[in-house]
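Worksheet for the structure shown next.
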Amino acid sequence: EQLLFKRNNQADPSYTNEVYAFDLFNKAGVVVPNATFAEVNIVIDGKIENVSLYNVFEHYDEEFIRKHFQEEPTKVVGDLYKGQWSATLDPIMNSYDYGVRDWVNNIRPLYSKETNKLEDNYNLLVNFSFGINQYDIDKRLQFLEENFDCDNFMRAMAVNVLLGSPDDYRGNGNNFYYYFDETGFMTYVPFDYDNSMGNGWDGTPAFIDYTLGNDIYEWGHFEWNAFGIPLWDNLIEHEKYQILYEDYLMEYIDSGLFSENAYLEMYNYVEELYGDQFITYYDKEAYFEAKISAVIEDVSYYRTQREELQ
């Protein structure tokens with residue numbers, strides 16, 4: 001099994017943000033790789049040249065699919081795509097938008113096939129992009145509900161708001177995988193949460209104060225991004241998905257999944273294991289207080305607006 005090692009490239013003083021993010025996704029019912037911590041020693045010619053604390057993740061590959069998507073692991077898996085920036089599933093019109101990454105020749109298609117690379121068949125991906133963008137609102141909703149894990153996606157969107165990443169599907173058309181199982185059913189899989197929890201890129205100018213000033217629906221939009229976000233737009237236009245989204249936001253807050261205590265439990269674990277060797281400190285108190293207050297206020301506002309219209 002392959003593993004992904006990520007150094008603390010966003011200078012998170014707690015070293016905890018991204019592992020906490022993936023743990024929150026998992027506990028919220030969203031399919032993501034497992035994550036943990038590791039001390040990594042780089043040894044050259046028998047001499048330790050570097051010692052660093054890394055976040056470690058399961059790799060997005062066939063083994064990840066077998067572990068998280070198959071009740072009985074099989075040799076055959078579906079098609080997993082890494083979405084590059086802007087691969088948001090607007091109708092796919094050009095064949096050069098999909099393919100297999102070739103690092104040597106610097107080929108990076110928008111939709112990069114990570115499994116079944118020898119099979120030159122992209123019909124599930126292309127047909128899906130047209131199905132979710134049908135003109136008829138009822139037909140596109142029916143297509144989505146029959147071919148897409150809508151519940152998983154709304155959970156993921158709620159968790160992203162809490163984590164405050166400006167660099168996700170909604171905010172910047174970035175950092176996700178799409179998995180089509182053998183029947184063509186698609187699941188959205190989040191990726192890369194080093195910019196989160198008030199750390200890293202703040203999302204200026206579309207986002208305010210590391211997302212703390214952004215509404216749960218309006219969120220943030222960069223004017224230079226010309227692509228759509230049809231997975232979000234074509235679900236959230238329906239009231240039942242607005243209610244579901246708001247319910248998940250409140251569920252994760254009320255249950256304590258998203259809380260300072262939950263974060264501190266993980267941070268204290270890191271400090272206990274690695275604090276003697278690496279300098280860490282906790283700085284998330286203000287973020288949790290502000291984010292929870294803002295989300296509760298937004299949800300209350302939209303619920304009240306809905307009640308007044310009934």
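Each residue takes its place number in the sequence, starting with 1.
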Stepwise side chain to side chain contact (heavy atoms under 4.5 Å, CB included) test for Tyr287 and Leu212 | CA-CA 8 Å; Tyr287 179 85; Leu212 293 173; 3.7 Å; yes
Full working for ring pair (Phe, Tyr, Trp, His ring centres under 6.0 Å) between Tyr122 and Tyr111 | CA-CA 10 Å; Tyr122 298 88; Tyr111 302 88; 9.8 Å; no
Could you walk me through whether Asp79 and Leu125 pass side chain to side chain contact (heavy atoms under 4.5 Å, CB included), step by step?
-> CA-CA 9 Å; Asp79 293 338; Leu125 172 70; over 6 Å; no
Going through the distances and angles, do Arg101 and Glu114 end up as a salt bridge (charged side-chain N to carboxylate O under 4.0 Å, His left out)?
-> CA-CA 8 Å; Arg101 283 189 286 188; Glu114 302 296 307; 3.0 Å; yes
Run the numbers on Leu231 and Thr88 for side chain to side chain contact (heavy atoms under 4.5 Å, CB included), then give the verdict.
-> CA-CA 8 Å; Leu231 290 175; Thr88 55; over 6 Å; no
Check against ring pair (Phe, Tyr, Trp, His ring centres under 6.0 Å), Phe207 and Trp201 = CA-CA 10 Å; Phe207 289 88; Trp201 180 45; 7.4 Å; no
Output, in order, the C-alpha distance, side-chain angles, deciding distance and verdict of side chain to side chain contact (heavy atoms under 4.5 Å, CB included) for Tyr98 and Ile92.
-> CA-CA 9 Å; Tyr98 50 79; Ile92 300 173; 3.8 Å; yes
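In this structure, a donor-acceptor pair under 3.5 Å is present between the side chains of Tyr263 and Asn17. Defined by atom type and a distance below 3.5 Å, a donor-acceptor pair is present between the side-chain atoms of Asp151 and Tyr248. Counted by atom type alone, Asn261 and Ser259 present zero donor-acceptor pairs between their side chains at under 3.5 Å.
For the pair Leu163 and Met197, the minimum side-chain heavy-atom distance is below 4.5 Å. Between Leu89 and Ser129 there is a side-chain heavy-atom pair separated by less than 4.5 Å. Looking at Tyr245 and Leu235, their side chains never come closer than 4.5 Å, going by heavy atoms from C-beta outward. Inter-residue side-chain proximity for Pro190 and Val30 is flagged as met; some heavy-atom pair is nearer than 4.5 Å. In this structure, the side chains of Arg7 and Val40 stay at 4.5 Å or more apart for every pair of heavy atoms.
Annotation for Val56 and Phe37: closest pair CG2-C, 4.4 Å, computed over non-hydrogen atoms. Nearest approach of Glu62 to Val77, heavy atoms of both residues: CG-CG2, 3.8 Å. Heavy atoms only, all atoms of each residue included: Asn133 and Pro230 are closest at OD1-CB, 3.4 Å. Considering every non-hydrogen atom in both Asn152 and Gly29, the closest pair reads OD1-O, 3.7 Å. Minimum interatomic distance between Ala262 and Leu257 (heavy atoms only, all atoms of both residues): CB-O, 3.6 Å. Considering all non-hydrogen atoms of both residues, Gly184 and Leu124 come closest at CA-CD2, 3.8 Å.
For Tyr267 and Tyr15, the gap between ring centers reaches or exceeds 6.0 Å. For Tyr179 and Phe69, the ring centers are positioned less than 6.0 Å apart. Checked against the 6.0 Å centroid criterion, the rings of Tyr188 and Phe153 qualify as a close aromatic pair.
Checked by atom type and distance alone, the side chain of Asp167 never pairs as donor or acceptor with a backbone atom of Asn174 at under 3.5 Å. In this structure, the side chain of Asn175 does not engage the main chain of Asp168 through any donor-acceptor pair within 3.5 Å. A donor-acceptor pair under 3.5 Å links the side-chain atoms of Gln134 to the main chain of Gly131, judged by distance alone. Formation of a donor-acceptor pair under 3.5 Å by the Tyr252 side chain with backbone atoms of Ala28 is found in this model. Between the side chain of Ser293 and the main chain of Glu289, no donor-acceptor pair closer than 3.5 Å is present. No side-chain donor-acceptor contact under 3.5 Å links Asp102 to the backbone of Ile107. Looking only at distances, no side-chain donor or acceptor of Lys113 sits under 3.5 Å from a matching main-chain atom of Asp120. Under a 3.5 Å cut-off, the side chain of Asp136 and the backbone N or O of Lys139 do form a donor-acceptor pair. Not one N or O on the side chain of Asn41 forms a donor-acceptor pair closer than 3.5 Å with the backbone of Val43. Side-chain N or O atoms of Asp181 include one that pairs as donor or acceptor with a backbone N or O of Thr183 at under 3.5 Å.
Looking at Arg303 and Asp247, a side-chain N of the basic residue comes within less than 4.0 Å of a carboxylate O on the acidic one, giving a salt bridge. A salt bridge links Lys284 to Asp12: at least one charged side-chain nitrogen sits closer than 4.0 Å to a carboxylate oxygen.
Distance check, rounded to the nearest 0.5 Å: CG of Leu264 to CD of Glu285 gives 8.5 Å. Here the NZ-CG distance, from Lys82 to Leu110, works out to 10.5 Å after rounding to the nearest 0.5 Å. The CD atom of Glu58 sits 9.5 Å away from atom CD of Glu63, with the distance rounded to the nearest 0.5 Å. Considering CG of Asn199 and CD of Glu18, their distance stands at 11.0 Å, rounded to 0.5 Å. Within the model, atoms CD1 of Ile42 and NZ of Lys47 stand 13.5 Å from one another, a figure rounded to the nearest 0.5 Å. To the nearest 0.5 Å, the span separating CG on Leu144 from CG on Asp149 amounts to 11.5 Å.
Partner of Phe191 under the ring pair (Phe, Tyr, Trp, His ring centres under 6.0 Å) criterion, chosen from Tyr177, Trp85, Tyr178, Phe176: Tyr177. With His68 as reference, Asn34 is the one residue of Thr187, Val189, Asn34 to meet the side-chain contact (heavy atoms from CB on, under 4.5 Å) rule.
Val76 and Tyr81 sit in two unconnected hydrophobic clusters of ILVMFWY residues. Membership requires side-chain heavy atoms under 4.5 Å apart, directly or through other members. The hydrophobic clustering, which links ILVMFWY residues whose side-chain heavy atoms are closer than 4.5 Å, places Met266 and Ile279 apart. Hydrophobic clustering of Ile, Leu, Val, Met, Phe, Trp and Tyr side chains at less than 4.5 Å, counting indirect connections, unites Tyr282 with Tyr274. In terms of hydrophobic clustering, with Ile, Leu, Val, Met, Phe, Trp and Tyr side chains grouped at heavy-atom distances under 4.5 Å, Phe5 and Phe57 are assigned to different clusters. Residues Val51 and Leu53 fall within the same hydrophobic cluster, defined by Ile, Leu, Val, Met, Phe, Trp and Tyr side chains chained together at heavy-atom separations under 4.5 Å.
Taking a 6.0 Å sphere around CD of Glu297, one finds it holds 12 or fewer heavy atoms contributed by other residues, nucleotides or ligands. In this structure, Glu265 places its CD atom where only 12 or fewer heavy-atom neighbours from other residues, nucleotides or ligands lie under 6.0 Å away. Around the CD1 atom of Ile48, the shell of radius 6.0 Å holds no more than 12 heavy atoms that belong to other residues, nucleotides or ligands.
The aromatic rings of Tyr20 and Phe288 sit perpendicular, their planes meeting at an angle over 60°, well past the 30° parallel limit.
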Can you give each donor-acceptor pair under 3.5 Å made by side-chain atoms of residues 216-229, sequence neighbours left out, with the distance rounded to 0.1 Å?
unit_1, atom_1, unit_2, atom_2, d
Tyr217, OH, Gln242, O, 3.2
Tyr217, OH, Glu246, OE2, 2.6
Asn225, ND2, Asn172, OD1, 3.0

